[in-house]
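One structure is given below, encoded as C-alpha cells.
Indexing begins at 1, ligand by ligand and atom by atom, following the structure's order.
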Amino acid sequence: MLRSVILRHSRTVTRNNWVASEWKRTFRSDKIEKQTGLFGNTELKTSESLNKLPAAVKSSTDSLIQELLSPSSNPRTSIEIVDDISNEICKSADLVSCMFQDSKLKFYLFQAECVRQLHCESEFREAAENASRKFCELVESLNTNTALYQKLKSSEVTEASRLDDVDRRTLTLLLDDFEQSGVHLEDDQKSKFVQLSSEIFEAGARFQENCDRIVPVGKFDQAKYGLPSQIYSPVSNSLDRSKRKMVYNTFYRHDDQQEVYLRKLVSSRQELAQLTGFESFAHRAQRNSLLENYDNVRNFLWGVVEECRSAFEKELAVLIDVSTQCSQQDRNGDNDVSTIAEHDLGFLMHLYRESAYDIAKVSHESSQFFTFSSVWKGFSTLTQRLYGVRLIEDPINHGEMWNTAGVLKLKALDDQNNELGIIYADVSIRPEKAVGDCHYTVRCSKQLSNGTWQMPILVLSLGLVDGHSTAWKDSGISFHSAETMFHELGHAMHSILGRTKYQHVAGTRCPQDFSEIPSNLMEYFFSDLGVMRDIIRRPNQPNEQLPIESAATLLASRHSFTAIETVQQAAYGLYDLEVHGPIAAPQIASGRMTTTELFYDIMNKAMPHVQRSPDSAFQHRFHHTVQYGAKYYSYLVARASACLIWQQRFQNEPFSRKWGGCWAEVQSHGGGHPPAILLEKILGFRPTSKDLTHALSKESQHLANLDAVTV
Ligand SMILES: [Zn+2]
C-alpha cells in the first residue's frame, strides 16, 4: 500500500562500521537546546521523540481506517482516504516507505531509514531503527488487512462514477501493491503465498551475502602470477594476458553453493508467479511498466544488441589494435591477438583511454571548475532556464540536520519566488554513512484538502568532500562525481515539480523505467559540450568557462566504448529476464540447466566475438537478480527514453523554455498516468520498443568513431 522506490544506481552499498574518534567527538550529542527538530519539524528535537512517533501515527491511521470502513455515506472516495492513511504514515513520522519486491519486510520506512543510515548521533540512529521496525509492523498489518483491501477493491465499482483517470490508475496501483502481500487469495493459497515469499526472501538474502566473497589463491598460482593469497576483484591491469585471464576466471568461477541459492530463488519465484496466475515471474514483473509485457522487453533487449552490433564491432576492432600492440610488448603472452576475451575488455579500454586522452592533465585543469558549489549552481542555472525553477542556499537551523559540516540546504523557488521544496545535500565523506550515492524522499508533494500542496523534502547523500574543511563547498570534485550530482539532483527536481493529487504517485513514485528518465536526461544535458561550458563556471570567477579542449576531451573519454557497455548491459538484462522466464526457469528449477549455462549461452549470442570460459559465472555475483527480478533492463529503457527526449527536443535547442515547460509538466504527474502517456506528452508519440532501441543505436553509432592510438 505504501510504495516508493529507493533510487540508487548499480553502485555497491557498503557499510563501514569503523567510526573515527574525531567524528565521535565532533558530533557527540550536545545538550544545547535545539532551535528546531529534524527537517524543521519541532516535534523531532530528541531521539526519544522518534521513539514516540509510531504510536501517534497508529492512532491517526486507526481513525482513518474507521472512516473508510464506516457504512455511512462519505463525500470522500475510498482512494482519497487510503492515500491519506499512506500520507499520514509518511508525513507524520516523516517516514517514507521503500518497497522491495520480495522482502519479508516489504516496506522499509524511509525517513527513519534515512536518519538510521545518515545521522551522526548513535542515539538517533538507534531510535530510528526501532521506529523503522514498528512502522514495518504497522505497514505489514495494513497490507494484510482484508477488510481494507476489500473496501478498496469494491470501490472500483461502487464509486466508479466519482473516479477520474488518475483516481483509477492510483487505485489500480494501490490494489496491486496490496495483492503483492497475497491479501486477495483464498486461505490455502494465502499460506502458500506467504511460504513462497519467505523462501524467496531467504534464498535471496543468502545469495547476496555470498556475492562479494573473497577468493583464496593457491600457493602455486601465487608464485606463478605474483598474486597475494586472496583476490577481491576480477580486475588485473597486468600486461600479462594469462594473468588477467587467471584472475578474472578465478574470481568469477562457478560456485555450487551460489547455484543452489539461485535455483531456489528462481523456482520459488516461478511457483509464486503461477500461483498468482502468470506464466512466469518474468511475465509477472512487467505489470505497469512502460514496455508492458515479457515479449516487448525481450524484443527491446535483442533489438539493442542487434542494432548496436556494428558500433560494437568498430569499438572491438580498436581494442584488437591495442591488444596487438600489447602482445608485441609482452614476450610471455599468448600471440593470438585476433581475439578478445572477457578478461581483456576492461584492461584494454583503460589502456586506450590513458593513451588517447591526456586524462591526468585534463583532470587537473578541470578540477578548478568542478566543485560542489559550481555544480549545484550550474544545475540551478539549467533548471531556471528550462522550467523557471532555481535553487538558493538557505541557512540550516540548529537541530534541523544531523550536522552542518558538509550539508547544504537548498530551497527551490519558482519565478514568482514561491517555495516549491527543500533539498538537503549531505555530501561529506564520513565512515558511518551507511550507503552509497542515493536520494531519499523524506516527504512527497500531495494536494491537501485545503487545495494547497504539501511541500516536498528530499535528501541527497553523496560522498564528495571532507566536510571539516572550511572550504568544502569549493573543494574540487571529479568529473564523474559532477555527473552523478546532476543525476541525483534530477531525481530531486522530479519530486519538487510534483503536483499530484495523491502522494502514492508523487514525483519519483512511479515505475522504475520511468523514474530514472528525469535523472538520465539531466546527464544528457551535462554531457553536452555547449551546455556544460555554459552553466559550469569557475567559483568566484563567473566569467570563466572550462576550456573547450578540456571539456571535449573529458566528454570523449567518458563516452568512449559506449556501444560495448550498452550491449553488455542489454546482455545482463536478458539474462535477468530469461532466468525468470517461461523456458529457462522451469529447467533451472528442475536442475536440467544451470544458470551458468544460460548465462554463457546469452553472452555468446549477444557478444559472439568475445571469448569466455564456459565455467565463468558472473551471474553468481550479480546482486541485481535479487533486487530487480526480471527488471534489471529498466535502467536501459530509462536511458533509451531519456536519449529519445534529448535527441528529439533538446539536442538542437538545449535551453528551450517551450520544451522545458512541457517536460516540467510531464514530471508533475509523477506516476499518476502510465509512462507511455507521459512520454507521448513530451515526444508527440508513444515510443515502441523499436523507437527506444533506435535511439540507443543512433547514439552508439555517433560515439563509436574512436581514433586508433599508439599505446
Ligand atoms: Zn537514479
Discussion item. Strictly below 4.0 Å, N to O, side chains only: are Arg639 and Glu699 in salt-bridge contact?
Written reply: yes
Worksheet item: Of all N/O/S atoms in Glu516, which lies nearest to the Zn ion (ligand 1)?
Response: OE1
Worksheet item: Side chains of Arg269 and His580: is there a donor and an acceptor less than 3.5 Å apart?
Response: yes
Discussion item. Suppose we call two aromatic rings close when their centres sit under 6.0 Å apart. Are Phe525 and Phe486 close by that rule?
Written reply: no
Fill in: Whether Glu488 has an N, O or S atom under 2.8 Å from the Zn ion (ligand 1)
no
Worksheet item: Rounded to 10 degrees, what angle sits at the Zn ion (ligand 1) between His487 NE2 and His491 NE2?
Response: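 So the angle at the metal works out to 100°.
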Discussion item. As a test of understanding, state which of Met485, His487, Arg558, Met532 forms a side chain to side chain contact (heavy atoms under 4.5 Å, CB included) with Phe526.
Written reply: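 Passing option: Met532.
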